[in-house]
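Worth saying up front: this structure is predicted, and the values here are computed from it rather than measured. In each ligand, atom 1 is the first atom listed, and ligand 1 is the first ligand listed.
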Amino acid sequence: MATILKHGTLLTASETFQADLLIEGETIAKIGADLQYPNAEVIDATGKLILPGGVDPHVHLDLPMFGTVSSDDHYTGHKAAAFGGTTTVMDFVVLEEKGFQYSVDIWMKMAEKAAIDYSFHMNLTKFNAVIAKEIPSLREMGITTLKVFTAYNGRLRLDDGSIFRALQIARDNGMLVMAHCENGDVIETLTEQALAAGHTTPEWHALTRPAWGAVESLLRLAGMASAADAAVYIVHMNTAGEVDMLKYARERGVKVMGETCPQYLFFTVDDLRRPDGAKWICSPPMRTKEDNARLWEGLSQGILQTIGTDHCPFFFDGTKPIVYEGREVAIPGKELGRDDFTKIPNGLPGIQDRMPVLWTTGVRTGKITANQFVAYMSTNPAKIFGLYPRKGALLEGSDADIVIWDPEKKVKYGVAMSHQRTDYNLYEDWELTGYPEKVFLRGQLIVDGSEWKGKQGMGRFLKRGEGEVI
Ligand code: URP
Ligand code: ZN
Ligand code: ZN
């Protein structure tokens, strides 16, 4: 079975050019002028852009939290991702007492319903001699990344000594440490004080997690990475100071890379002050307009490397069902913290929103170029996480994960258009120009306009190798 995309404009992280593209089976077979192939289906892509499928390096599907679970599973989240142009996602395995293999098996089981390709990072939330010895076994499982936390005291956080050891072990085994940077001690103290003073509303989630904690934590991680001669990837960067510190460290040769997420480019602590402020609760929190602007600069100037979503949706009101694929679904959500911000599940939706929202707000406004868009959304995460050039590339031999992007398509975006399984969308009523028209996963058409052609179980686990430091 072959398909030729004719007369489109190919858009990669470094080039924009006119060519036909031949898909044969699961891969890109040829790129060139006037391609012919016997009995191939021909799709006319005149006026359209051809992009490599998006690679979202940061999602949380089926994540248990605060007595509930993130409301997209490994099928619904994948389907939503595909409608937004993303064909590969990376989730985080929760580390259980019984060790790495046991924990990975749980995630593998949940992901049997995968609809797009996926891989896993391991949350390194405990550290001792046994765990240290077992880290290299993750490599054989195709999991080459470890997420560490400098926050969530008593739950997920590791002390600096353990993080430093993890960096050394990662360095010695071709692995990469990813870091959630906030100051856990400051957060713990401020939260206790806020609750004691009777402050229970959503804005206190942000007020108890100061930006300087993220800034000093990022610099601390960069310092430790430098001392270990290891690389580190900073997840969900959200403050201006972090961009400054990333630049500072990179200019001094530290192997540090940074990810931001769409929500940190648009929203502020003021959104948490709205009557429905719980919708914007995630960690780290929304900051200020100045932070939004500096993160945009970080993207324009190439200081940052990727845009992930940190997709971790919860219902705003999980007592009221929504209809998803013809069935009523209600999953407890943000209402759990109606009287106490510390009980609001942390996280928000975004897996489908990422590429369409960033095309309109980034590329069309000139804040980033179309090639930077491809780099941040697809090629850079594929390179950093050891999937390039199988993913993130329009090259002969690469997986035919392809988006036909209509740069002129106008949509009024929001929950009605979204396949994210939750009852709200952060970009409700935003007017977007530019949207995926067709999406292919390994040569198979999975999204055709508003029609879903994918299915549960067609997504494959991707064993990852060593990534690049870019
Ligand atoms: O609030 C968030 N981001 N929840 C997911 C967990 C994390 O730290 O990324
Ligand atoms: Zn995190
Ligand atoms: Zn996350």
Please state whether His311 comes within less than 4.0 angstrom of ligand 1, counting heavy atoms only. no
Spell out, as yes or no, whether a donor-acceptor pair under 3.5 Å connects the side chain of Arg209 to the backbone of Ile187. no
Per-residue contact class, Asp310 against ligand 1 - non-hydrogen pairs under 4.0 Å: side chain
Identified ring pair (Phe, Tyr, Trp, His ring centres under 6.0 Å) partner of His419 from the options Phe83, Trp452, Tyr324: Phe83
for atom 7 (C) of ligand 1, nearest protein heavy atom and its distance come out as Lys147 NZ, 3.5 Å
Give the residue and atom name of whichever protein heavy atom lies nearest to atom 4 (N) of ligand 1, and the separation in Å to one decimal. Asn346 O, 3.2 Å
Cation-pi check for Phe314 against Lys334: NZ or CZ below 6.0 Å from the six-membered ring centre and within 45 degrees of the axis, yes or no? no
Do the numbers put Lys113 on top of the ring of Tyr75, so that NZ or CZ is under 6.0 Å from the six-membered ring centre and no more than 45° off the axis? no
Check whether any side-chain heavy atom of Arg157 sits under 4.5 Å from a side-chain heavy atom of Asp185, and report yes or no. yes
Quick one: does any side-chain atom of Glu431 pair with a main-chain N or O of Asp429 as donor and acceptor, under 3.5 Å? no
Considering non-hydrogen atoms of the protein only, which is the closest contact for atom 8 (O) of ligand 1, and what is the distance? His180 ND1, 3.1 Å
Just the protein N/O/S atoms under 2.8 Å from the Zn ion (ligand 3), please, no waters. His58 NE2, His60 NE2, Asp310 OD1
Taking atom NZ of Lys320 as the centre, does the number of heavy atoms from other residues, nucleotides or ligands within less than 6.0 Å exceed 12? no
Is any NZ, NE, NH1 or NH2 atom of the basic residue among Asp401 and Lys391 found under 4.0 Å from an Asp or Glu carboxylate oxygen of the other? yes
Find all atoms of ligand 1 within a distance of less than 4.0 Å from any non-hydrogen atom belonging to His236, and give their numbers and elements. 8 (O), 9 (O)
Taking only non-hydrogen atoms of Tyr152, do any sit less than 4.0 angstrom from ligand 1? yes
With rounding to the nearest 0.5 angstrom, report the CE to NE2 distance, Met175 to His121. 11.5 Å
for atom 1 (O) of ligand 1, nearest protein heavy atom and its distance come out as Ser283 N, 2.8 Å
Compile the donor-acceptor pairs under 3.5 Å between side chains in residues 272-279 and protein atoms, sequence neighbours left out, one pair per line.
unit_1 : atom_1 : unit_2 : atom_2 : d
Arg273 : NE     : Glu203 : OE1    : 2.8
Arg273 : NH1    : Asp270 : OD1    : 2.6
Arg273 : NH2    : Glu203 : OE1    : 3.4
Arg274 : NE     : Asp276 : OD1    : 2.9
Arg274 : NH2    : Asp276 : OD1    : 3.3
Arg274 : NH2    : Asp276 : OD2    : 3.1
Asp276 : OD2    : Lys279 : NZ     : 3.0

Do the side chain of Glu259 and the main chain of Gln305 share a donor and acceptor less than 3.5 angstrom apart? no
One residue to check: Phe314. Relative to ligand 1, which of side chain, backbone, both or neither has a non-hydrogen atom less than 4.0 Å away? neither
heavy-atom search around atom 6 (C) of ligand 1 in the protein gives His60 NE2, 3.7 Å
With heavy atoms of Cys282 as the reference, note each atom of ligand 1 found under 4.0 Å away. 1 (O)
